[in-house]
Structures are given as structure tokens and as C-alpha cells.
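The next block holds one structure in the form of C-alpha cells; read it before the comments.
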Amino acid sequence: MIVVICGPTASGKSKLAIRLAQDFNGEIINGDAFQVYKELEIGTAKPTKDELMMATHHLFDYVEPTKNHSVMDYQVEARKTINEILSRKKLVVIVGGTGLYQKASLYDYTFTEEKENVDLSDLAPLSNEELYSYLVSLDEKASLKIHPNNRKRVLRAIAIIRQTGCKKSEIEEAQEHKMIYEDVHFVGLNINREELYKKINDRVDSMFEEGLVEEVTSLYEKYDFNNNAFKGIGYKEFIPYFEGKNSLEETKELIKKNTRNYAKRQFTFFKHQMPTIWCDSIEEAYNYVKGLVNKDD
RNA sequence: GGUCCGGUAGCUCAGUUGGUAGAGCAAUGGACUGAAAAUCCAUGUGUCGCCGGUUCAAUCCCGGCUUGGACCA
């Protein structure tokens, strides 16, 4: 059985996952795009060393911050790990806030082999409109699902054609949009918005107390912040601070705001993209999983 | 006590030569297949500080009051 603990950031997912793994013979897999990186600790709200020892954790802390990590890389590792845990006849507990990563691992998403060194530089000077009409000419079906202003997606759809020789729409049509595992349960932690925002604000405050500034400062001295690892909330907001444009207080408020915005997007994703069962408290979620495990026996 | 400037959306403010108002941010809803903590889309009714006057019509003009700030005593 696979249980996915999802829901917004700061809702208590990690702690619940540990309890479930301990009580129901489970192992935990990270389902979060930024907790995969080494050295990013406080800002990613990674489980502490003590917590990591309370249950078996996988896919935390295994990617170098300079490496470009993608959904496909995650998918490969996650599926491998899921299969290993299942073969041990243990409960798989996936926990994290990145819905896309979880979906890509559990559903029949396929990523086609890409040619390297494909030149896309001719696209850079094009306006959004020009780029979009170019995509329409290449893959009209895919273009219908992308807004012309969403340059990143438009570019990606064009890149797929150049790098794989296949159309994005064709790749997706070849899939059944079904889960590739049996007995998968998405359990979402639902929190009243006001309460969640307070938790987020408090958590950012305690990140600063725990030494976030020191962590980010030493990373900034060591690495190029253009790497994807530093595009995460709690890291990218420090760039204007290091450049002398923002105060520390402004940086902190920005992190809080971005985290709140992010939490809202997470609700939308988990609400509409997967068959999530929502629980109003940690206890309720725990009991729900307990019921599933007992029924399974 | 006097002079001047301000009080308009949750916040910062714009505006209406008089016809009951709009930006940014926030907030809310949504999309999501190789950056996803990313990227993108949609949504603006608010006693225009209060009371009165002028007017067909006042948030706008006039008077008073209230309130914040600056300056002068």
C-alpha cells in the first residue's frame, strides 16, 4: 500500500509521516522538490537529524545544489524506491508538497529520451506572441492547453519537439492517465486558511531564529544562486538583501508572503489533480490511514 | 490658538473641469507532464472621514465638525 501525505506547507505532514512509518511498519519517501538538495536545511524545512533517525527516510538530501534536477530524475528514483519498499512488504509513505513530483511517479507519465545540445537560442528574441504562433504551427493541440503568456510552457513544448522529435500532445495522448500502482491513497491535511497563514508566519520566524540567515549567507558565498536549488522560497528572497536592496525585515516578510501564495497553489493542485481525501486534523488523518492498514490485513 | 497639507478598496495611492470611482500590492478562485517552492490565467460595491449648504445631480464646490501630519506662535 502507498499512502501519500499531501497538503500545504507547514501543515504538519512530516511529523505525521514519521508516526505512520513508526506505527505501521512503513518507510518514508520525500515528495518535495527542494528537500532533495544537500546543504539546504532550514529554508526547506527538512526533517531534523533526530527526526530522520526515527524512521527510514528516502530521497532526502541526495542531490548536489549545483545539479539541475528534474521531475524525470525524481520519477526514476522514486519509482525505484517505491518498488524496493513494496518488495519488503512494507507501507510506502510519500510525504511532501510537490504535487507534480508525486503525480509523475505514481501515474503513467512518460518522459521521452532527449537529444542533448539542441540549439534553442533562436527562440530567445521572439516575443510571447511570436513564440506562441510558432508553437501553434508545430503542435496545435498542445498549444490549446497553454496560455500565450506562459512563456516557460510554450518554450518547453517547442523544446520537446526539437529534443525528442515527438509532439508534447502525442506523448500525452499515448498515456492512459492512470496510476501505475495499486492501492494508492492520497491523504490531504486541510487547515483553515487563517490558521495556516499564522503557522506559516510563525514558521518563517523560527527559521530565522534557527539561523536561516547564516545558512543562506554561507551558501551564497559558496554557490552560484542561478542554480535551480536556490530558486526555492527562503533562498531566492535573500538575493536583494545581499545586493543591499532589501532589509532583513523586508526579506522575511517576502518569504512569508511567497510561502502563503505557494500554500494556496498547493491546495488547488491537490484538490483538483488527484483524488485526495481531506482530513481536518493530524489525528483524523492518522486514524484514516490506520483504518486502511487494518482493512488491508 | 493660527497657517498649510492630507483622510477614497485590507495596504500605498490615483482620479472625477460636478453625472456615485481605478491602479499596484495583498486577498480569493483556477490551470498545471523534463525549472513546479516554478510558470501562468481570472476576479475590484468601497457609508470616496462626519454633518449641513449650493445644485436636477456632490466623493469633487462652499461652511462647520472630526482626525492625522508639518510649520508658526
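The sequence lines fix the lettering, A, B, ..., with proteins before strands; numbering per chain opens at 1.
Both A:E172 and A:R260 sit near RNA chain B, but only A:R260 has its closest nucleotide nearer the 5' end. Where A:Y197 and A:Y262 each meet RNA chain B at their nearest nucleotide, the meeting point lying more 5' is that of A:Y197.
If you measure from atom CZ of A:R151 to atom C1' of B:U39, you get 12 Å, rounded to the nearest angstrom. In this entry the distance linking CD of A:E253 with C1' of B:C11 reads 13 Å, nearest Å. In this structure, the OH atom of A:Y74 is 15 Å from the C1' atom of B:U33, given to the nearest Å. Following rounding to the nearest Å, A:L254 (CG) and B:C25 (C1') show an atom-to-atom distance of 12 Å. Summarising the geometry, the separation between CZ on A:F34 and P on B:A36 is reported as 5 Å, rounded to the nearest angstrom. Rounded to whole Å, the distance from CG on A:N228 to C1' on B:A37 is 12 Å. Rounded to whole Å, the distance from CG on A:N149 to C1' on B:A31 is 13 Å. As a whole-Å value, the separation of A:H147 NE2 from B:A42 C1' is 9 Å.
For B:U33, one of the phosphate oxygens OP1 or OP2 lies less than 4.0 angstrom from a side-chain nitrogen or oxygen of A:R153. Between B:C32 and A:K103, no contact under 4.0 Å exists linking OP1 or OP2 to a side-chain N or O. Listed pair A:K264 / B:U28 fails the phosphate criterion, with no side-chain N or O lying under 4.0 Å from OP1 or OP2. The side chain of A:N261 places an N or O atom within less than 4.0 Å of a non-bridging phosphate oxygen (OP1 or OP2) of B:A27. For A:N258 and B:A37, the shortest distance from a side-chain N or O to OP1 or OP2 is not below 4.0 Å. Dashed line: the shortest gap from a side-chain N or O of A:H272 to OP1 or OP2 of B:C32 is not under 4.0 Å. Considering only side-chain N and O atoms, A:R193 lies under 4.0 angstrom from the phosphate OP1 or OP2 of B:U28. Dashed line: the shortest gap from a side-chain N or O of A:S70 to OP1 or OP2 of B:A35 is not under 4.0 Å. For B:U33, the OP1/OP2 oxygens have no side-chain nitrogen or oxygen of A:Y107 closer than 4.0 Å. Residue A:H69 places none of its side-chain N or O atoms closer than 4.0 Å to OP1 or OP2 of B:A35. When the side-chain nitrogen and oxygen atoms of A:K271 are compared with OP1 and OP2 of B:G30, one or more of them lie within a distance under 4.0 Å. Taking side-chain N and O atoms only, A:T110 has no distance below 4.0 Å to OP1 or OP2 of B:U33. A:Y109 has no side-chain polar atom (N or O) that falls below the 4.0 Å cut-off from OP1 or OP2 of B:U33.
One C1' atom belongs to B:G24, the other to B:C62, and the distance between them is 34 Å to the nearest Å. A gap of 12 Å separates the C1' atoms of B:G19 and B:U55, to the nearest Å. Annotation: B:G49 and B:U12 have their P atoms spaced 14 Å apart (nearest Å). For the C1' atoms, the distance from B:C56 to B:G18 is 12 Å, rounded to whole Å. When the P atom is used for both B:A9 and B:U45, the distance is 13 Å, rounded to whole Å. Comparing B:U47 with B:C5, their P atoms are spaced 26 Å from each other, to the whole Å. When the P atom is compared between B:C11 and B:C71, the two are found 26 Å apart, to the nearest whole Å. Between the P atoms of B:G15 and B:A23, the separation comes to 14 Å (whole Å).
Of all non-hydrogen atoms in A:A285 and A:C279, the two that sit nearest each other are CA-SG, 3.6 Å.
Between the side chain of A:E195 and the main chain of A:I191, no donor-acceptor pair closer than 3.5 Å is present.
Across all strands shown, A:Q175 has heavy atoms under 4.0 Å from base atoms, whether or not it also approaches the sugar-phosphate. When heavy atoms are screened at a 4.0 angstrom cut-off, A:T44 is found touching base atoms of the nucleic acid. Contact annotation for A:K236: backbone-only contact, meaning every heavy-atom pair under 4.0 Å involves sugar-phosphate atoms and none involves a base. Among the heavy atoms of the strands, none lies under 4.0 Å from A:Q266. If you check every strand for non-hydrogen atoms under 4.0 Å, A:A33 touches sugar and phosphate atoms only. Within 4.0 Å (heavy atoms only), A:G97 reaches sugar-phosphate atoms of the nucleic acid but no base atom. Residue A:Q273 is in base contact, counting any heavy-atom pair closer than 4.0 Å across all strands shown. Within 4.0 Å (heavy atoms only), A:Y235 reaches no atom of the nucleic acid at all.
Judged by atom type and distance alone, A:N150 does not reach the base of B:A31 through any side-chain donor-acceptor pair under 3.5 Å.
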- Query: Using Watson-Crick and G-U wobble pairs whose two distances are both under 3.5 Å, how do you write the pairing of RNA chain B as dot-bracket, with | for links to another strand?
  - Reply: (((((((..((((.....[..)))).(((((.......))))).....(((((..]....)))))))))))).

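Within a 6.0 Å radius of NZ in A:K15, no more than 12 heavy atoms belonging to other residues, nucleotides or ligands are found. Heavy atoms from other residues, nucleotides or ligands lying under 6.0 Å from CD of A:E113 number 12 at most. More than 12 heavy atoms of other residues, nucleotides or ligands shown are found within 6.0 angstrom of CZ on A:F186.
Ring geometry for A:Y109 versus A:F111: interplanar angle over 60°, hence perpendicular rather than tilted (30 to 60°).
A salt bridge between A:D205 and A:K252 is present, with a side-chain N of the basic residue lying under 4.0 Å from a carboxylate O of the acidic one.
Of the N and O atoms on the side chains of A:E39 and A:Y223, at least one donor lies less than 3.5 Å from an acceptor on the other residue.
The six-membered or imidazole ring of A:F34 lies away from that of A:Y101, with a centre-to-centre distance of 6.0 Å or more.
There is a path of hydrophobic side-chain contacts, each under 4.5 Å, that joins A:V187 to A:L189.
Side-chain atoms of A:K257 and A:E253, non-hydrogen and from C-beta on, never get closer than 4.5 Å to each other.
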